[in-house]
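One structure below.
Only a predicted model underlies this, so the values are computations on that prediction, with no experimental measurement involved.
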Amino acid sequence: MIPLSRSALIAAACATLATGAVQAQTKTLYIGMNGGNMEKTFTQFVFGPFEQKHNVKVVVVPGGSADILAKAQAARDKPQMHVMFLDDGVMYRAVGMGLCEKQKPNPNLAGLLPVAHIKDDMATGVTISVTGLAYNTKVFADKGWVPPTSWLDLADPKYKGKVVFQSLPSSTFGLHAFLAFNQLKGGTDANVEPGFKAWPSTIGPNVVEYISNSAKISEMAQTGEAALFPYTPTQSTILKSKGIPVEYVQPKEGAVVLMVAQCVIANNSEPQLAQELAAYLLSPEAQAKALENGSYNPTNTKVQVTGAAAAEQKRMNEIVKNSRSVDWDEVNKNRSAWNTRWNRSVER
């Protein structure tokens, strides 16, 4: 073995120190978001360029919107997360609680759909979809049923014991579907009396199970327990890609707009980096990666993709155009009372 010269030893030591310094400077940002497909898509395909540019590691804290909100609220004096993704209705609550910091001006804000600007950019929509209906194509074929076309199909007696419905207190899908039904019965986002009054004699008898979130849909669709349920085009596409016999239907009365929004958490430990991450996630580059690899439809109108992703984007934009938005300020005023009533009168 040839001994190293003094200068070579010094050079090697300097290189080791430099490497250690770089590693020491690597920071970690924590982002709360749904686990499963969303976590996989963003971790594997979206965060990379940002991590490389800023020498930072982005780590997902997985959970549903209610879980993430609870974590942010519990740690509001010393936040453990830097950015969080929440369903839009929950995000309005987070902003109202003072958990979010206004996003700083950045070039990507100008490309957003109007609906993606929440409370003067205290939060912003990252991906947009809708809640409509999905049905089990195998069950429908076996029964000789035609595909559903309306929210009112949830109340068709022939589907007794074949409807799966997400719980209103814990699921935006369930809340959306209930509000759509309520509207057809003469209600509004401020008045849900018609929906609650009609439920026991319409949709209620058809429901085989109320579920706290949609994770169980995959299993129930495969076993044939779930024939009809509130769902999104994106989630339907994901299930179909796994060979599960599910198809999305846009109700003739219109679906309900569903966004996943982000906010920079107030008083977090890395305010500048967190702002940079939020800005990046609104960029055409980041949103194109989310669309191509996870079927997450962009809120930035400047996203350009080709092939199957472009076809999916065009389809989703048409669906969103023919859907309605919820008045979240009105809904959140009454949500707690609705939750209590639902638990007592629907899922008792």
Side-chain angles (χ1 to χ4, degrees), residues 36-37 129-168 170-185 187 194-256 258 295 308 311-312 315-316 318-320 322-324 342 345-348:
N37 188 66
S129 187
V130 296
T131 304
L133 292 172
Y135 69 100
N136 188 317
T137 55
K138 184 179 187 305
V139 171
F140 270 64
D142 290 346
K143 297 283 189 180
W145 293 338
V146 297
T149 60
S150 166
W151 288 109
L152 294 177
D153 285 330
L154 290 165
D156 189 324
K158 73 171 175 254
Y159 301 133
K160 186 173 183 178
K162 286 297 185 181
V163 170
V164 174
F165 207 92
Q166 297 89 340
S167 298
L168 182 148
S170 59
S171 169
T172 301
F173 293 178
L175 175 65
H176 278 174
F178 174 77
L179 289 174
F181 173 72
N182 174 67
Q183 186 179 49
L184 292 175
K185 291 298 178 180
F196 273 111
K197 185 176 180 180
W199 195 270
S201 60
T202 54
I203 297 176
N206 287 351
V207 178
V208 62
E209 186 174 345
Y210 293 98
I211 57 177
S212 60
N213 61 63
S214 292
K216 200 172 179 183
I217 289 288
S218 173
E219 174 191 334
M220 297 182 77
Q222 290 183 79
T223 61
E225 294 174 273
L228 184 61
F229 41 92
Y231 220 44
T232 71
T234 301
Q235 293 300 320
S236 299
T237 298
I238 292 168
L239 290 192
K240 285 172 64 177
S241 72
K242 297 177 180 178
I244 299 171
V246 166
E247 191 66 62
Y248 173 81
V249 168
Q250 177 81 346
K252 64 184 180 183
E253 304 90 358
V256 184
L258 169 66
S295 295
E312 178 73 7
R315 171 175 170 260
M316 277 301 308
E318 285 300 315
I319 289 174
V320 169
N322 296 304
S323 301
R324 80 173 185 94
W342 179 274
S345 65
V346 176
E347 291 191 56
R348 54 189 175 170

| said: I'd like to check Val164 versus Val207 (side-chain heavy atoms, cut-off strictly below 4.5 Å). Are they in contact? | reply: no

| said: Let me confirm one number: the OG1-CD1 distance from Thr232 to Ile319, rounded to the nearest 0.5 Å. | reply: 9.5 Å

| said: Listing request: all salt bridge (charged side-chain N to carboxylate O under 4.0 Å, His left out) pairs with a residue in residues 198-217, at least two apart in sequence or in separate chains. | reply: Glu209-Lys216

| said: Give me the atom names and distance for the closest heavy-atom approach of Lys252 to Ser150. | reply: CE-CB, 3.9 Å

| side-chain contact (heavy atoms from CB on, under 4.5 Å) between Leu133 and Tyr248, worked out | CA-CA 6 Å; Leu133 292 172; Tyr248 173 81; 5.9 Å; no

| field | Spatial distance of atom CD (Glu219) from atom CD1 (Ile244) [nearest 0.5 Å] | value | 10.0 Å

| task | Please check if the side chain of Ser167 supplies one atom and the backbone of Ser170 the other of a donor-acceptor pair under 3.5 Å. | result | no

| query | Is there a donor-acceptor pair under 3.5 Å between the side chain of Asn206 and the backbone N or O of Lys162? | reply | no

| query | Does Pro230 offer a backbone N or O that forms a donor-acceptor pair with the side chain of Gln166 under 3.5 Å? | reply | yes

| Check: Phe229 ring centroid to Phe173 ring centroid under 6.0 Å | no

| task | Indicate the ring-plane relationship of Trp342 and Phe196, choosing parallel, tilted or perpendicular according to the 30° and 60° boundaries. | result | perpendicular

| task | Heavy atoms only: give me the nearest Val130-Pro233 pair and the separation to one decimal. | result | O-CD, 3.3 Å

| query | With the threshold set at 4.0 Å, does a side-chain nitrogen-carboxylate oxygen contact exist between Glu247 and Lys240? | reply | yes

| said: Distance check, rounded to the nearest 0.5 Å: Asp153 atom CG versus Trp145 atom CH2? | reply: 11.0 Å

| said: With heavy-atom distances below 4.5 Å as the criterion, would you say the side chains of Val346 and Leu168 are in contact? | reply: no

| field | Ser295 and Glu312 side chains, donor-acceptor separation under 3.5 Å | value | no

| remark: CD1 of Ile211 to CE of Met220, rounded to nearest 0.5 Å, is 6.5 Å

| query | Donor-acceptor pair, Gln250 side chain versus Gly132 backbone, under 3.5 Å? | reply | no

| request: Check whether any side-chain heavy atom of Gln183 lies under 4.5 Å from a side-chain heavy atom of Arg324, and answer yes or no. | output: yes

| query | Does Leu258 offer a backbone N or O that forms a donor-acceptor pair with the side chain of Ser129 under 3.5 Å? | reply | no

| remark: The reported gap from OG in Ser345 to NZ in Lys197 (rounded to nearest 0.5 angstrom) is 14.0 Å

| request: Check Pro194 against Asn182 and note the closest heavy-atom contact, atom names and distance. | output: CD-OD1, 3.7 Å

| Is there a side-chain contact between Ser218 and Lys242, using heavy atoms and a 4.5 Å cut-off? | no

| message | Quick one: does any side-chain atom of Asn136 pair with a main-chain N or O of Ala221 as donor and acceptor, under 3.5 Å? | response | yes

| So, do Leu184 and Leu152 sit near enough that their side-chain heavy atoms are less than 4.5 Å apart? | yes

| message | Among Phe140, Tyr159, Tyr231, exactly one meets side chain to side chain contact (heavy atoms under 4.5 Å, CB included) together with Tyr135. Which residue is that? | response | Phe140

| query | Is the closest side-chain heavy-atom distance between Thr149 and Pro251 below 4.5 Å? | reply | no

| Between atom CH2 of Trp151 and atom CD1 of Ile203, what is the distance when rounded to the nearest 0.5 Å? | 9.0 Å

| request: Compare all side-chain heavy atoms of Val256 with those of Leu179 and state whether any distance is below 4.5 angstrom. | output: no

| Closest heavy-atom pair and its distance - Pro148, Leu228 | CG-CD1, 3.7 Å

| request: Give a yes or no on this: more than 12 heavy atoms of other residues, nucleotides or ligands lie within 6.0 Å of atom NZ of Lys158. | output: yes

| Is the ring centre of Phe165 less than 6.0 Å from the ring centre of Trp199? | yes

| Contacts of Glu225 that satisfy salt bridge (charged side-chain N to carboxylate O under 4.0 Å, His left out) - sequence neighbours left out | none

